[in-house]
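Quick note on labels: first sequence line is chain A, next is B, and so on, each numbered from 1.
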Amino acid sequence: MATKEQDPKTTEGEEISAPTNFVHEIIDQHNQSGRFEGRVHTRFPPEPNGYLHIGHAKSINLNYGTAMKYGGKFNLRFDDTNPAKEEQEYIDSIIRDVRWLGGDWEDRLFYASDYFQQIYEWAVQLIKMDKAYVDHQTADEIRALRGTLTEPGKDSPYRNRPVEENLDLFERMKNGEFPDGTCVLRAKIDMASPNMNMRDPVLYRILHAEHPRTGNQWCIYPMYDWAHGQSDSIERITHSICTLEFEAHRPLYDWFIDQLGIYHPQQIEFARLNITYTLMSKRKLLRLVKDGHVSGWDDPRMPTISGLRRRGYPSEAIRTFCERIGVSKANSVVEIGLLEHCIREYLNEHALRRMAVLNPLRVVLTNYPDGQSEEMDAVNNPEDPTAGIRKVPFSKVVYIEREDFMENPPKQFFRLAPGREVRLRYAYFITCTEVIKDANGEIVELHCTYDPATKGGDAPDGRKVKATLHWVSAAHAQRAEVRVYDNLFTKPNPEETAEGEDFTVNLNPNSLQVIPACYIEPALAGAEIGSRYQFERQGYFCVDLDTTPDKLVFNRIVGLKDAWAKAQQKG
RNA sequence: UGGGGAGUGGCCAAGUGGUUAAGGCUGCGGCCUUUGGAGCCGCCAUUCGCAGGUUCGAAUCCUGCCUCCCCAGCCA
């Protein structure tokens, strides 16, 4: 059915699928022109100053996926050039997350700090070429002379120091002779450039700080701009894929590489991911953690990879999502609904079905023999016959979902109501005969009769019911805590606030609802942490790591689509 | 009012001078159903930021304009 017209071929004639985005299109052009001799080598270059989030997943998927598509290689490299903000904890979490997302760097785990010596030598080379100088201005003075977007900057008074003096000063910077902030090394480019990045950017600053990798070996650290392009060059990266904000830095990276005369990767910029009702800024996510708005980086409401993992989002589904959103240069905001769709789509196929009652209503089957119980066959996954069946115990008293009963149902409601017959899934047809209330008029129990002829859920006389309810036998039920999540923010754009307010005013006070005592079927006892199930008619749930041998805790990953709820909303 | 990017349906996104302007998500109908789930079928841009122009023919080429994003860290 798919038309297979002219699949592009490599020079070897081996088939490569058609370009799926503009990045691949550029690579195809390079492969045609022979720019990189057919090599494709990408990398994911995080700074270890926070946890990865789903926006990073898009980047990892693009970089790793691209390498795989072209039979190339993929590196993981930490851009650890600022010891003031970076920590080993972040390095560890990032490694774990990239691996979990399926990225495989084989033996190519690198650090920009691995290249500090080389980068230092290149700085010396630049000084010798009279293309860099030590500037003793303060940060404020540098800023004052940088000019503005519309006015050119002015040369630093230190700009024309002799090469020998610069060499000496830079050496002494490295040797720790100056306190932090005394001076910096700057590139000598053009203070009048319309591109602000070219106005003599800072290359090195003095930072007497302990580095997670290099300890106290260095007290000068290269700026990202001075380290990043060269790191890619050292690793012989072919395509340096990065986000849009670095587009204006590309001329600078090109200038460095051309001055140094070293291998030249091609930088390609794409638009970062934004998702409705969530934040993607590392700074703001850090704030949520530090200020205790969430329980940690792995709070199941966080868009961090560790949060999504704990919530129960399968990495396969996250990957599908990353494929489906596409890659372009247009700033965009993807609806959270698409992510949830991908999660449901995967889990529908893979999650075992179980029955669990979150908000129980006791039902007594008045004509069912006292003390009797039997085992019903239940399908584990209707989408996957190989998942088999299980036994579910049934007895005289069962719990059903409170919202599956209405005393005075509207015409659209076809679940249980007085005098009405419905099916208990895999069990029997039951008919509600009596509603028991307490002194306050609260419904505390239902009396129903069951039809023994409908065992398994089918009526031999062919009569139909309009609803099938999930249930749990009271005598066999296990207890569990269930945590139901909603969006962390109440607005599609959490950054949208009134003057003087910040994004925390948009925090959703109902983003976490804990249901301490739910009833679950016995097959769920001993479920492993991280395992995922569909609770029939409710949604997908994942065993949380707070689970202990005597207390199961489930996270709701995502609810099932609910036509009844939607109809209610419409009124 | 410098420089660099981007504008295709509610949200993403294909499209690279000749197609009825892909596809997915959402939404809306209907079928089916022992999950009001899943699945299946159908509908949803005479128009591509706007205005001109070139052409037999323009989302695609040209000109002008509008809107949005990024850049003035010793952050990345």
J.: In whole angstrom, give the distance that lies between atom CZ of A:Arg344 and atom P of B:U35.
T.: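 Whole-Å distance recorded here is 18 Å.
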J.: Could you state the atom-to-atom distance from NE2 of A:His249 to P of B:A76 in whole Å?
T.: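 Atom NE2 in A:His249 sits about 11 Å away from atom P in B:A76.
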J.: Measure from the side chain of A:Asn348, starting at C-beta and using heavy atoms only, and say which of B:G73, B:A38, B:G3 lies closest.
T.: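 So the side chain of A:Asn348 is nearest to B:A38.
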J.: Roughly how far apart, to the nearest Å, are B:C32 and B:C41 at atom C1'?
T.: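 Approximately 11 Å lies between the C1' atom of B:C32 and that of B:C41.
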J.: Kindly state whether the ring of A:Phe394 and the ring of A:Tyr428 have centres lying under 6.0 angstrom apart.
T.: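 They qualify: ring centres under 6.0 Å apart.
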J.: May I ask you to say whether A:Asp451 pairs ionically with A:Arg463, meaning some side-chain N is under 4.0 Å from a carboxylate O?
T.: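 The answer is yes: the pair qualifies as a salt bridge.
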J.: Grab the CZ-P distance between A:Phe170 and B:C74 for me, whole Å please.
T.: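 So the CZ-P distance, A:Phe170 to B:C74, works out to 16 Å.
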J.: Nearest whole Å is fine: how far is B:G39 C1' from A:Asn381 CG?
T.: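 Roughly 13 Å, once rounded to whole Å.
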J.: By nearest atom, which of the nucleotides B:G73, B:G36, B:C75 is closest to the A:Asn82 side chain?
T.: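 Closest nucleotide to the A:Asn82 side chain: B:C75.
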J.: The side chain of A:Ala563 is closest to which nucleotide in this list: B:C74, B:G36, B:A72?
T.: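 Closest nucleotide to the A:Ala563 side chain: B:G36.
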J.: Base, sugar-phosphate or nothing for A:Met198? Non-hydrogen atoms, less than 4.0 Å.
T.: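 The residue A:Met198 makes no contact with any strand.
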J.: Could you tell me whether A:Phe246 contacts a base, only the sugar-phosphate backbone, or nothing, with contacts defined as non-hydrogen atoms closer than 4.0 Å?
T.: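 Here A:Phe246 touches the bases of the nucleic acid.
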J.: Between A:Arg390 and A:Glu521, does any side-chain N to carboxylate O distance fall below 4.0 Å?
T.: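 A salt bridge is present here (some side-chain N lies under 4.0 Å from a carboxylate O).
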J.: For B:G2, which nucleotide in any strand shown is its Watson-Crick or wobble partner with both distances under 3.5 Å?
T.: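 With both distances under 3.5 Å, B:G2 matches B:C71.
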J.: So A:Arg146, base contact, sugar-phosphate only, or nothing? Heavy-atom distance under 4.0 Å.
T.: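 Since only primed, P, OP1 and OP2 atoms lie under 4.0 Å of A:Arg146, the category is sugar-phosphate.
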J.: Base, sugar-phosphate, or nothing: which does A:Glu345 touch, judged by heavy atoms less than 4.0 Å apart?
T.: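 Nothing: the residue A:Glu345, judged by heavy atoms under 4.0 Å, touches no strand.
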J.: Counting only Watson-Crick or G-U wobble pairs whose two distances fall under 3.5 Å, which nucleotide matches B:U63?
T.: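 With both distances under 3.5 Å, B:U63 matches B:A51.
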J.: Please classify the nucleic acid contact of A:Leu424 as base, sugar-phosphate, or nothing, using heavy-atom distances under 4.0 Å.
T.: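 The answer is nothing, as A:Leu424 stays clear of every strand by at least 4.0 Å.
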J.: Look at all strands and tell whether A:Arg186 reaches a base, only sugar-phosphate, or nothing, counting heavy atoms closer than 4.0 Å.
T.: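 Result for A:Arg186 = nothing.
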J.: Between A:Arg250 and A:Glu269 (salt bridge meaning N to carboxylate O under 4.0 Å), is one present in this structure?
T.: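 Salt bridge between A:Arg250 and A:Glu269, a charged N being under 4.0 Å from a carboxylate O: yes.
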J.: For A:His341 and for A:Ala427, locate the closest nucleotide of RNA chain B by heavy-atom distance; then report the residue assigned to the nucleotide nearer the 5' terminus.
T.: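 Its nucleotide being nearer the 5' end, the pick is A:His341.
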J.: State, to 0.1 Å, how close A:Phe429 and A:Gly457 come at their nearest heavy-atom pair, and which atoms those are.
T.: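 Shortest heavy-atom separation between A:Phe429 and A:Gly457 comes out as CE1-O, 3.3 Å.
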J.: With a 4.0 Å cut-off on heavy atoms, is A:Thr138 in touch with a base, just the backbone sugar-phosphate, or nothing at all?
T.: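 Here A:Thr138 touches the bases of the nucleic acid.
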J.: Both distances under 3.5 Å, Watson-Crick or G-U wobble: report the partner of B:G36, or none.
T.: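 Check on B:G36: unpaired, no WC or wobble geometry under 3.5 Å.
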J.: Within residues 171-184 of chain A, which residues have any heavy atom lying less than 4.0 Å from an atom of RNA chain B?
T.: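 Contacts with RNA chain B under 4.0 Å: A:Gly181, A:Val184.
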J.: Send over the distance from A:Leu203 CG to B:C74 P, rounded to a whole Å.
T.: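 It works out to 12 Å between those atoms.
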J.: Of all the choices, B:U35, B:G5, B:C74, which nucleotide is nearest to the side chain of A:Glu247 once you look at every atom?
T.: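 Taking heavy atoms from C-beta onward, the closest nucleotide is B:G5.
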J.: Can you check whether A:His470 has a side-chain N or O nearer than 4.0 Å to OP1 or OP2 of B:U35?
T.: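 It does not, given that no N or O in the side chain of A:His470 lies less than 4.0 Å from OP1 or OP2 of B:U35.
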J.: How is A:Phe413 classified with respect to the nucleic acid when contacts are heavy atoms under 4.0 Å: base, sugar-phosphate, or nothing?
T.: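 It contacts base atoms.
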J.: Just call it for A:Thr468: base, sugar-phosphate, or nothing, with non-hydrogen atoms closer than 4.0 Å on any strand.
T.: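 The residue A:Thr468 makes sugar-phosphate contact but no base contact.
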J.: Need one value for A:Tyr204: base, sugar-phosphate or nothing, where a base atom within 4.0 Å counts as base even if backbone is also close, heavy atoms only.
T.: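 No contact.
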J.: Do A:Arg159 and A:Asp200 sit within salt-bridge range, that is, some charged N less than 4.0 Å from a carboxylate O?
T.: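 Between A:Asp200 and A:Arg159 there is a salt bridge, with a charged N closer than 4.0 Å to a carboxylate O.
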J.: Could you tell me if the ring centre of A:Tyr519 sits under 6.0 Å from that of A:Tyr399?
T.: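 Yes - the distance between ring centres of A:Tyr519 and A:Tyr399 falls below the 6.0 Å cut-off.
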J.: Let's see if you can work this out: which of B:U35, B:A72, B:A38 has an atom nearest to the side-chain heavy atoms of A:Glu383?
T.: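 Among the listed nucleotides, the one closest to the side chain of A:Glu383 is B:A38.
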J.: At a cut-off of 3.5 Å, list every protein nitrogen or oxygen paired with a nitrogen or oxygen from nucleotides 28-30 of chain B, distance to 0.1 Å.
T.:
from, atom 1, to, atom 2, distance (Å)
B:C28, OP1, A:Lys570, NZ, 3.2

J.: Classify A:Glu269 by what it touches in the nucleic acid, base, sugar-phosphate, or nothing, heavy-atom distance under 4.0 Å.
T.: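 It contacts nothing in the nucleic acid.
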J.: Protein within reach of the bases, or only the backbone? For nucleotides 9-14 of chain B, mark each nucleotide 5' to 3' as B, S or -, using heavy atoms under 4.0 Å.
T.: -BSSSS
J.: Which nucleotide wins on minimum distance to the side chain of A:Gln534, given the candidates B:G3, B:U35, B:A76?
T.: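 Closest of the options to the side chain of A:Gln534: B:U35.
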J.: Out of A:Arg353, A:Arg354, A:Glu401, which residue meets the side-chain contact (heavy atoms from CB on, under 4.5 Å) rule with A:His470?
T.: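 Testing A:His470 for a side-chain contact (heavy atoms from CB on, under 4.5 Å) against A:Arg353, A:Arg354, A:Glu401 leaves exactly one candidate, A:Glu401.
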J.: Can you identify which nucleotide, out of B:C74, B:G5, B:G37, has its nearest atom closest to the A:Pro382 side chain?
T.: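 Of B:C74, B:G5, B:G37, B:G37 is nearest to the side chain of A:Pro382.
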J.: Using both distances under 3.5 Å as the test, list the Watson-Crick or G-U wobble partner of B:C11, or none.
T.: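 Its partner is B:G24.
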J.: For the pair A:Arg77 and A:Glu235, find out whether any cationic side-chain nitrogen is under 4.0 Å from an anionic carboxylate oxygen.
T.: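 Yes, this pair counts.
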J.: May I ask you to check whether over 12 heavy atoms, not counting those of A:Arg272, lie within 6.0 Å of atom CZ?
T.: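 At most 12 heavy atoms, drawn from other residues, nucleotides or ligands, come within 6.0 Å of this atom.
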J.: Does the salt bridge (Lys or Arg N to Asp or Glu O under 4.0 Å) test come out yes or no for A:Lys284 and A:Glu495, once each step is laid out?
T.: CA-CA 10 Å; A:Lys284 287 173 181 147; A:Glu495 319 257 15; 2.6 Å; yes
J.: Which part of the nucleic acid, if any, lies within reach of A:Arg250 when heavy atoms closer than 4.0 Å are counted: base, sugar-phosphate only, or nothing?
T.: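 It contacts nothing in the nucleic acid.
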J.: Please report the distance, rounded to the nearest Å, between CG in A:Asp200 and P in B:G73.
T.: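 That distance rounds to 14 Å.
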J.: Which nucleotide wins on minimum distance to the side chain of A:Met196, given the candidates B:A72, B:G5, B:G36?
T.: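 Nearest to the side chain of A:Met196 among the choices is B:A72.
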J.: Tell me: NE2 of A:His24 to P of B:G15, nearest whole Å?
T.: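 That distance rounds to 12 Å.
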J.: Pick one for B:G73: is it syn, with its angle within 90° of 0, or anti?
T.: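 The base of B:G73 is oriented syn (glycosidic angle within 90° of 0).
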J.: Under 4.0 angstrom, heavy atoms only, what part of the nucleic acid is A:Glu536 near: base, sugar-phosphate, or nothing?
T.: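 Since a base atom lies under 4.0 Å of A:Glu536, the category is base.
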J.: Give me the distance, rounded to whole Å, that separates B:C25 from B:C68 when you measure between the C1' atoms they each carry.
T.: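 Looking at atom C1' only, B:C25 and B:C68 are 24 Å apart.
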J.: Looking at the rings of A:Tyr111 and A:Phe78, which for Trp means the six-membered one, are their centres under 6.0 Å apart?
T.: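 When the ring centroids of A:Tyr111 and A:Phe78 are compared, they turn out to be within the sub-6.0 Å range.
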J.: Are A:Arg402 and A:Asp404 within salt-bridge range, i.e. N to O under 4.0 Å?
T.: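 Salt bridge flag = no for A:Asp404 with A:Arg402.
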J.: Could you state the atom-to-atom distance from CG of A:Asp232 to C1' of B:A76 in whole Å?
T.: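 A:Asp232 atom CG is separated from B:A76 atom C1' by 14 Å.
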J.: Give a yes or no answer on whether the side chain of A:Asn166 reaches the backbone of A:Ile127 with a donor-acceptor pair at less than 3.5 Å.
T.: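 Judged by distance alone, no pair lies under 3.5 Å.
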J.: Between B:U67 and B:C50, how far apart are the two C1' atoms, rounded to whole Å?
T.: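 That atom pair is separated by 10 Å.
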J.: I want to check one thing: is the phosphate of B:A76, taken as OP1 and OP2, less than 4.0 Å away from some side-chain N or O of A:Lys282?
T.: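 The answer is no; no side-chain N or O of A:Lys282 sits under 4.0 Å from OP1 or OP2.
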J.: Salt bridge or not between A:Arg172 and A:Glu177? Use side-chain N to carboxylate O under 4.0 Å.
T.: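 Salt bridge: yes.
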J.: Salt bridge check, A:Lys466 against A:Glu421: does any charged N sit closer than 4.0 Å to a carboxylate O?
T.: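 A salt bridge is absent here (no side-chain N lies under 4.0 Å from a carboxylate O).
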